[in-house]
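Presented below is the structure to which this report refers.
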Amino acid sequence: MRMLRIFAGFPRLTRSLMPGPKRPRPARIGTHGGTFHCDEALACFFLRLLPAYQDAEIVRTRDSQLLSECDVVVDVGGEYDPQKHRYDHHQRSFRESMHSLKPDKPWQTKLSSAGLVYVHFGSEILASQLGLKEEDPVVHVLYDKLYENFVEEIDAIDNGISQWDGEPHYAMTTNVSSRVSYLNPRWNDKDQDTEPGFQKAMELVGNEFLDRLDYYYRAWFPARALVEKALQQRFEVDPSGEILVLAQGGCPWKEHLFSLEEELDVKKPLKFILYTDLGGQWRVQCVPAGLRTFQNRLSLLEEWRGLRDEELSQVSGIPGCVFVHSSGFIGGNHTKEGALEMARKTLAQQTETSACSS
């Protein structure tokens with residue numbers, strides 16, 4: 001009986017000393033140590049926007065054992081396997097692009113770790129940040145917009161892909177990838193610890209991405225409806241259908257115009273956009289031949305270029321002229337009627353020139 005009493009006391013004593021249920025350890029994001037680059041800084045920032053990794057520890061190492069213990073690994077490890085959450089792009093066999101992984105997308109730039117994470121989690125990240133569902137059409141539009149206008153540049157720079165063939169005419173050193181690189185320790189600094197700089201890099205590129213998302217969602221995307229309405233009303237402005245008047249100045253119209261012309265099967269491409277500037281004066285701007293060119297579909301008349309005010313009004317025969325840029329891509333007038341007449345006279349001369357040449 002005495003032995004039983006002793007043993008009978010053990011369960012209660014043992015229970016009091018037993019630890020409670022183990023708390024799950026924070027998730028771990030692995031990436032390489034040493035000199036850092038924009039792509040893994042952005043990849044890590046992206047992952048921390050996801051609920052599964054929002055409190056994740058970032059382990060910066062090239063130790064394969066430590067990396068194997070991470071829940072997700074980016075930009076190191078020599079493996080791309082989304083099932084295992086391994087997102088490296090340095091292995092010789094890697095050839096993936098946005099197009100190869102999502103054939104309905106046109107971009108064929110080789111992906112970096114930032115692009116890989118964006119391909120797999122971008123829609124979830126955007127939907128979460130905007131409070132929308134992943135299936136929302138706005139998320140689809142902004143997913144493409146942010147890849148083409150933010151992430152693809154980082155992919156290309158990290159993979160050493162030039163924007164053009166041959167020597168550039170000038171250096172580009174203020175892009176976000178360059179700014180991240182300057183956060184690494186200088187070669188002659190006594191302290192070569194890269195960790196503080198990496199934290200700054202994540203904050204820099206991450207905040208820039210979120211700022212861009214905010215702009216596209218709150219400013220760029222709403223402009224589409226404005227441009228579409230103006231496009232539908234273009235024949236009320238001028239019988240040619242080649243002049244557009246925007247109800248509000250300052251709205252980003254170029255990309256929306258090009259895409260809407262295609263979607264709505266506009267037969268005669270637009271030549272001029274009229275809108276008001278901050279001072280309430282009217283501008284007449286030429287539609288460029290493409291998004292990334294300074295060439296215009298039709299420039300304002302040669303004899304007007306570089307002239308201002310009364311001299312321009314006399315030469316053009318249009319009252320209220322303010323200026324025409326020396327390149328002919330934009331002009332100004334005090335009134336809507338005057339700006340419209342500047343566009344009309346330019347169109348008329350083009351028509352005459354075309355008739356004479358034929």
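A donor-acceptor pair under 3.5 Å is absent between the side-chain atoms of Gln281 and the main chain of Val322, judged by distance alone. In this structure, the side chain of Asp155 engages the main chain of Ser112 through a donor-acceptor pair within 3.5 Å. For Ser313 (side chain) and Ile318 (main-chain N/O), a donor-acceptor pair under 3.5 Å exists by modelled atom type. Judged by distance alone, the side chain of Asp39 and the main-chain N or O of Ser113 form a donor-acceptor pair under 3.5 Å. Side-chain atoms of Glu152 do not come within 3.5 Å of backbone N or O of Asn149 as any donor-acceptor pair. A donor-acceptor pair is defined here as one N or O able to donate and one able to accept, closer than 3.5 Å; such a pair exists between the side chain of Asp277 and the backbone of Gly280. With hydrogens and angles disregarded, no donor-acceptor distance shorter than 3.5 Å links the side chain of Arg283 to the backbone of Leu274. Side-chain N or O atoms of His99 include one that pairs as donor or acceptor with a backbone N or O of Lys105 at under 3.5 Å. A distance-only check finds no donor-acceptor pair linking the side chain of Arg224 to the backbone of Pro222 [under 3.5 Å]. Listed for the Asp136 side chain is a donor-acceptor partner under 3.5 Å among the backbone atoms of Val138.
For the atom pair Ser316 OG and Leu307 CG, the distance stands at 8.5 Å (nearest 0.5 Å). Distance check, rounded to the nearest 0.5 Å: CH2 of Trp107 to OG of Ser97 gives 11.0 Å. Between the NE2 atom in His140 and the OG atom in Ser123 there is a gap of 6.0 Å [rounded to 0.5 Å]. Taking NZ from Lys145 and OH from Tyr143, the interatomic distance works out to 16.0 Å, rounded to the nearest 0.5 Å. Remark: Leu142 CG to Arg212 CZ distance equals 12.5 Å, nearest 0.5 Å. The SG atom of Cys321 lies 7.0 Å from the CH2 atom of Trp304; values are rounded to the nearest 0.5 Å.
Using a 4.5 Å heavy-atom threshold, the side chains of Val287 and Leu298 count as separate. Contact check for Leu340 versus Phe272: no side-chain heavy atoms found under the 4.5 Å cut-off. For the pair Ile58/Tyr53, no side-chain contact is recorded, criterion being any heavy-atom separation below 4.5 Å from C-beta on. Side-chain contact between Leu213 and Leu146 is present, with heavy atoms from C-beta onward closer than 4.5 Å. Residues His37 and Ser181 fail the side-chain proximity criterion, which asks for heavy atoms closer than 4.5 Å. Counting heavy atoms from C-beta outward, Phe323 and Asn333 have side chains that stay 4.5 Å or more apart. Looking at Gln285 and Trp253, their side chains come closer than 4.5 Å, going by heavy atoms from C-beta outward. Side-chain contact between Asn159 and Thr109 is absent, with no heavy-atom pair separated by less than 4.5 Å.
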Discussion item. Please evaluate residues Trp282 and Tyr275 with respect to the criterion ring-ring contact (aromatic ring centres under 6.0 Å, His included), reporting the C-alpha separation (whole Å), side-chain torsions for both, the decisive distance (0.1 Å), and the verdict.
Written reply: CA-CA 6 Å; Trp282 281 85; Tyr275 56 88; 8.2 Å; no
Item to complete: Applying side chain to side chain contact (heavy atoms under 4.5 Å, CB included), run through Asp88 and Tyr80 and close with a yes or a no.
Response: CA-CA 5 Å; Asp88 195 12; Tyr80 167 55; 5.9 Å; no
Practice prompt. Under the side chain to side chain donor-acceptor pair (under 3.5 Å) rule, what do His89 and Glu96 come out as? Steps first, then yes or no, please.
Written response: CA-CA 8 Å; His89 67 110; Glu96 302 294 358; over 6 Å; no
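Looking at Arg28 and Glu69, a side-chain N of the basic residue comes within less than 4.0 Å of a carboxylate O on the acidic one, giving a salt bridge. Between Arg297 and Glu261 there is a salt bridge, since a side-chain N of the basic residue sits under 4.0 Å from a carboxylate O of the acidic one. Ion pairing between a basic and an acidic side chain is recognised when a charged N comes within 4.0 Å of a carboxylate O; Glu302 and Arg305 show such pairing. For Lys229 and Glu236, the salt-bridge test fails: no basic side-chain N is under 4.0 Å from an acidic carboxylate O.
Remark: Gln248 CD is loosely packed, at most 12 non-hydrogen atoms of other residues, nucleotides or ligands lying under 6.0 Å away. Dense packing is recorded around NZ of Lys110, with more than 12 heavy atoms of other residues, nucleotides or ligands lying under 6.0 Å away. Within 6.0 Å of the CD atom in Gln163, the count of heavy atoms belonging to other residues, nucleotides or ligands does not exceed 12. For CG of Asp165, the number of neighbouring non-hydrogen atoms (other residues, nucleotides, ligands) closer than 6.0 Å is 12 at most. Residue-environment remark: CG (Leu278) stays at or below the threshold of 12 foreign heavy atoms within 6.0 Å.
Judged by distance alone, the side chains of Glu228 and His256 never bring a donor and an acceptor atom under 3.5 Å apart. Of the N and O atoms on the side chains of Ser240 and Asp238, at least one donor lies less than 3.5 Å from an acceptor on the other residue. Side-chain contact check for Asp71 and His85: no donor-acceptor pair (N or O, by modelled atom type) lies under 3.5 Å. Glu195 and Gln199 form a side-chain donor-acceptor contact under 3.5 Å, judged by distance and modelled atom types alone.
For the ring pair (Phe, Tyr, Trp, His ring centres under 6.0 Å) criterion with Phe209, the lone passing option out of Phe46, Tyr216, Tyr215 is Phe46.
Scanning for salt bridge (charged side-chain N to carboxylate O under 4.0 Å, His left out) contacts around Arg234 gives an empty result, with sequence neighbours left out.
Taking Ile, Leu, Val, Met, Phe, Trp and Tyr as members and joining any whose side-chain heavy atoms lie under 4.5 Å apart, directly or through other members, Ile157 forms no hydrophobic cluster with any other residue.
Pairs engaging residues 265-276 under the salt bridge (Lys or Arg N to Asp or Glu O under 4.0 Å) rule: Glu242-Lys268, Glu242-Lys271, Asp265-Lys267 [sequence neighbours left out].
Judged by a 6.0 Å distance limit and a 45° cone about the ring axis, Arg60 is positioned over the six-membered ring of Phe198.
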